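One structure below.
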Amino acid sequence: MAFDIDMIRKVYDTMPARVDKARELVGRPLTLSEKILYAHLWEGTPSTKFTRSKDYVDFAPDRVACQDATAQMALLQFMHAGKESVAVPTTVHCDHLILAKVGAEKDLAVANTQSKEVFDFLSSVSNRYGIGFWKPGSGIIHQIVLENYAFPGGLMIGTDSHTVNAGGLGMLAIGVGGADAVDVMSGMSWELKFPKLIGVKLTGKLNGWTAPKDVILRVADILTVKGGTGAIVEYFGEGATSMSCTGKGTICNMGAEIGATTSTFGYDDSMRRYLTATGRADVVEAADKVADYLTADAEVYANPEQYFDELIEINLTELEPYINGPFTPDRGTPVSKMKEEAAKNDWPIKVEWGLIGSCTNSSYEDMSRAVSIVNQAVELGITPKAEFGINPGSEQIRYTIERDGIIAAFEKMGTKVFTNACGPCIGQWDREGADKGEKNTIVHSFNRNFSKRADGNPNTHAFVTSPEMVAALAISGRLDFNPITDKLLNDNGEEVMFKPPFGDELPTKGFEVEDPGFQAPAANGSSVQVIVSPDSSRLQLLEPFQPWDGQNITGAKLLIKAFGKCTTDHISMAGPWLRFRGHLDNISNNMLIGAENAFNNKTNSVKNQLTGEYAEVPAVQRAYKAANIPSIVVGDQNYGEGSSREHAAMEPRHLGVKAVLVKSFARIHETNLKKQGMLGLTFANEADYDKIQEDDTINFLDLTEFAPGKQLTLEFVHKDGSKDIIMTNHTYNDSQIEWFKAGSALNLIATGK
Ligand code: MIC
Ligand code: SF4
């Protein structure tokens with residue numbers, strides 16, 4: 001579990017000189033994000049003044065973290081890179097593959113049996129290549145990273161979009177697809193378009209019912225799911241320093257929901273307290289020596305409008321609790337407006353379930369504040385009206401809250417304590433009756449609430465709110481309950497009211513754990529056998545994708561024109577499909593099954609142009625593949641938002657889709673498409689989306705001249721023989737064009753170029 005204090009000291013040793021030089025070059029005070037980025041330039045990258053949102057820059061991350069559902073594909077790719085061990089400290093975390101049903105003990109045993117093959121593979125491949133392995137039940141990747149590995153001023157990447165959680169400890173932590181992680185694990189640089197910067201100034205102080213969660217729910221409401229694209233969000237101000245480190249983690253975590261590259265906070269006392277409580281006093285000692293480099297320059301905080309591309313100010317003293325949803329995390333409703341909004345939109349008022357957990361909100365502080373509401377309910381004699389489930393963030397948290405009586409208090413209210421894992425947050429929830437598809441409401445402290453995400457039921461209206469609000473709403477059983485103003489009837493019919501939640505930021509008796517669930521890798525793994533059975537349905541060794549044949553793509557069919565929201569959950573659904581994350585051909589059977597076909601407004605029903613019949617998207621695409629006919633996918637705004645899962649890019653690649661043409665992309669998905677040798681294009685004129693018809697055949701006219709900054713011309717031939725020429729933009733630079741030509745980025749690594 002060693003947290004690499006030597007590596008951290010090395011980062012701090014070189015940081016001052018690099019940052020001072022950058023400040024000189026740039027010629028003005030620097031923000032925190034700029035300091036961390038300039039301190040992590042890849043050796044040989046010239047330190048110049050980079051243009052935000054324009055220059056691609058090579059960086060040297062300090063760490064890599066992978067979770068089980070994405071690690072399988074990442075490590076299957078890494079096995080092709082021909083390396084003896086990982087070049088930077090890397091960990092793998094088993095958290096996504098555990099189904100929540102009856103409670104931790106039984107559920108974990110079931111997962112260990114059902115996914116044995118996958119866990120064994122991940123354990124052996126980690127052992128083989130020098131990767132730290134966190135066993136099933138050890139906790140959720142981002143809580144474990146915060147507790148053990150994150151450090152102020154560091155740069156890390158992780159194969160999960162919520163890697164950004166580590167910003168709570170003053171890092172720049174960025175979610176990427178597996179192929180990006182493979183580059184860094186192989187000792188190569190990692191490329192990122194120099195981000196623009198959004199400043200969020202927090203004034204005042206959280207109080208009463210408001211929690212850190214409300215800050216990000218409010219920011220999501222302001223910026224929307226695409227407002228943070230290409231940006232790092234930097235939080236500062238008295239409101240920032242006055243909140244806990246795990247609270248900062250919550251805010252950074254959900255930065256993924258606004259599409260932000262990452263979010264971060266300057267080094268402060270809350271981080272010192274957290275590092276010390278988690279056994280890392282030596283990181284505090286080292287960080288204190290360079291503390292000036294771990295926050296922005298004072299001038300930036302004094303005149304933020306001069307240094308950020310966009311500035312938001314939130315007064316925490318006036319902030320209300322928010323309840324965001326349903327179906328999208330940026331639809332924010334302050335608690336005082338919920339009665340009106342719920343009635344207006346016909347949202348089911350009755351709350352069926354309250355779920356507390358996920359990487360976003362499963363810290364000790366979260367659990368302790370939520371249980372303060374539960375304890376009040378017991379004292380006031382209220383039987384909760386909804387069911388309750390919790391997922392502690394890590395075994396260390398679980399063990400400590402058990403010791404401190406928090407679990408017992410939850411259980412007294414009939415709460416199910418699920419495994420320290422993602423559980424319902426990623427559809428790993430065997431919810432009774434979900435298959436009936438009834439319209440219903442649940443409230444949770446997670447980050448995402450896309451349709452079908454938690455229980456597979458498209459009619460479940462999931463609302464995101466803070467853990468303490470989840471507790472209050474679930475106990476009252478009503479979505480429109482406002483604990484600040486409303487009374488409740490207790491079991492004796494008396495009117496009672498909750499007092500605001502309270503709790504400990506950190507356990508007063510310290511954290512404790514018996515077995516954290518960590519397995520250190522073999523000192524020399526070269527003799528470790530990594531086994532993948534050829535007839536496995538869960539794991540499949542990868543075959544390299546075919547290189548580009550150098551010709552224009554012609555005669556391509558339109559596979560689907562997706563309408564509206566098309567997240568990675570729509571492109572490659574999670575839940576039951578998670579079990580195929582290591583088997584590309586099997587998981588390809590979920591390709592785009594959640595996307596809405598713009599021509600018939602149905603999901604998973606597209607016209608097979610060869611037969612004229614409607615059929616499931618993967619089946620139609622397999623028919624095109626069998627006939628050797630290329631195809632393209634068309635999409636709407638912010639296509640591929642949400643997760644880092646590269647399956648959403650690999651599945652179409654595997655099944656023969658050549659290009660994805662959309663109004664706009666989410667960052668990670670766009671990179672994933674490029675890495676896998678696909679063409680990710682955007683409409684030069686968004687209105688051209690409307691010109692695309694169901695029976696179109698597409699010809700590329702100038703792919704042979706594919707070059708950075710040069711538009712590509714596509715000819716859409718309609719059924720009646722008429723044609724539309726559509727101009728498309730792309731963001732490929734020279735090396736990314738090489739990936740396309742080679743068939744994938746990995747093909748290039750494998751040839752050693
Ligand atoms: C998610 O929250 O959607 C996930 C599951 O953690 C994903 C990663 C994955 O698809 O495995 C993410 O956010 O990147
Ligand atoms: Fe797991 Fe949910 Fe966090 Fe994704 S968002 S890492 S599924 S807990």
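Every number for a ligand or one of its atoms is a count from 1 in the order of the listing. Computed over heavy atoms, backbone and side chain alike; hydrogens, waters and symmetry mates excluded. All figures in this text were calculated on a predicted structure; none of them were measured in a lab.
- At distances below 3.5 Å, not a single donor-acceptor pair connects side-chain atoms of D160 with backbone N or O atoms of T70.
- By the 30° and 60° cut-offs, the orientation of the rings of W134 relative to F518 is tilted.
- Ordered by chain and number, C425 SG make up the set of protein N, O or S atoms under 2.8 Å of atom 2 (Fe) of ligand 2.
- Counting heavy atoms under 4.0 Å from ligand 2, residue D160 touches it through the side chain alone.
- The side-chain heavy atoms of K116 and T113, taken from C-beta on, include no pair separated by under 4.5 Å.
- Rounded to the nearest 0.5 Å, atoms OG (S138) and CZ (R398) are 12.0 Å apart.
- H142 counts as a contact of ligand 2, since one of its heavy atoms falls under 4.0 Å from the ligand.
- The shortest heavy-atom distance from H93 to ligand 2 is not under 4.0 Å.
- Look at E641 and K565 and you find a salt bridge, because one of the NZ, NE, NH1 or NH2 atoms lies within 4.0 Å of a carboxylate O, short of that distance.
- A salt bridge between E117 and R538 is absent, with no side-chain N of the basic residue lying under 4.0 Å from a carboxylate O of the acidic one.
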Quiz item: Between R431 and N440, does a side chain to side chain contact (heavy atoms under 4.5 Å, CB included) hold up when you go through it step by step?
Solution: CA-CA 13 Å; R431 180 180 178 195; N440 76 100; 2.9 Å; yes
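- In this structure, H444 and F446 have parallel ring planes: the angle between them is below the 30° cut-off, well short of the 60° mark.
- Distance alone, capped at 3.5 Å, is enough to place a donor-acceptor pair between the N590 side chain and the M573 backbone.
- If you check the side chains of T568 and H570, you find no donor sitting under 3.5 Å from an acceptor.
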Need the list: ligand 1 N/O atoms against protein N/O atoms, distance under 3.5 Å, rounded to one decimal.
from	atom 1	to	atom 2	distance (Å)
ligand 1	2 (O)	R448	NH1	3.3
ligand 1	2 (O)	R453	NH2	2.7
ligand 1	3 (O)	R448	NH1	2.9
ligand 1	3 (O)	R453	NH1	3.0
ligand 1	3 (O)	R453	NH2	3.2
ligand 1	3 (O)	R645	NH2	3.0
ligand 1	6 (O)	H96	NE2	2.8
ligand 1	6 (O)	D160	OD2	2.6
ligand 1	10 (O)	R581	NH1	3.4
ligand 1	10 (O)	R581	NH2	3.0
ligand 1	10 (O)	S643	OG	2.9
ligand 1	10 (O)	R645	NE	2.5
ligand 1	10 (O)	R645	NH2	3.2
ligand 1	11 (O)	Q67	NE2	2.8
ligand 1	11 (O)	R581	NH1	2.8
ligand 1	13 (O)	S161	OG	2.5
ligand 1	13 (O)	R448	NH1	2.9
ligand 1	14 (O)	S161	N	2.7
ligand 1	14 (O)	S161	OG	3.3
ligand 1	14 (O)	S643	OG	3.4
ligand 1	14 (O)	S644	N	2.7
ligand 1	14 (O)	S644	OG	3.1

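- For the residue pair N253/N447, the side-chain donor-acceptor check at 3.5 Å is satisfied.
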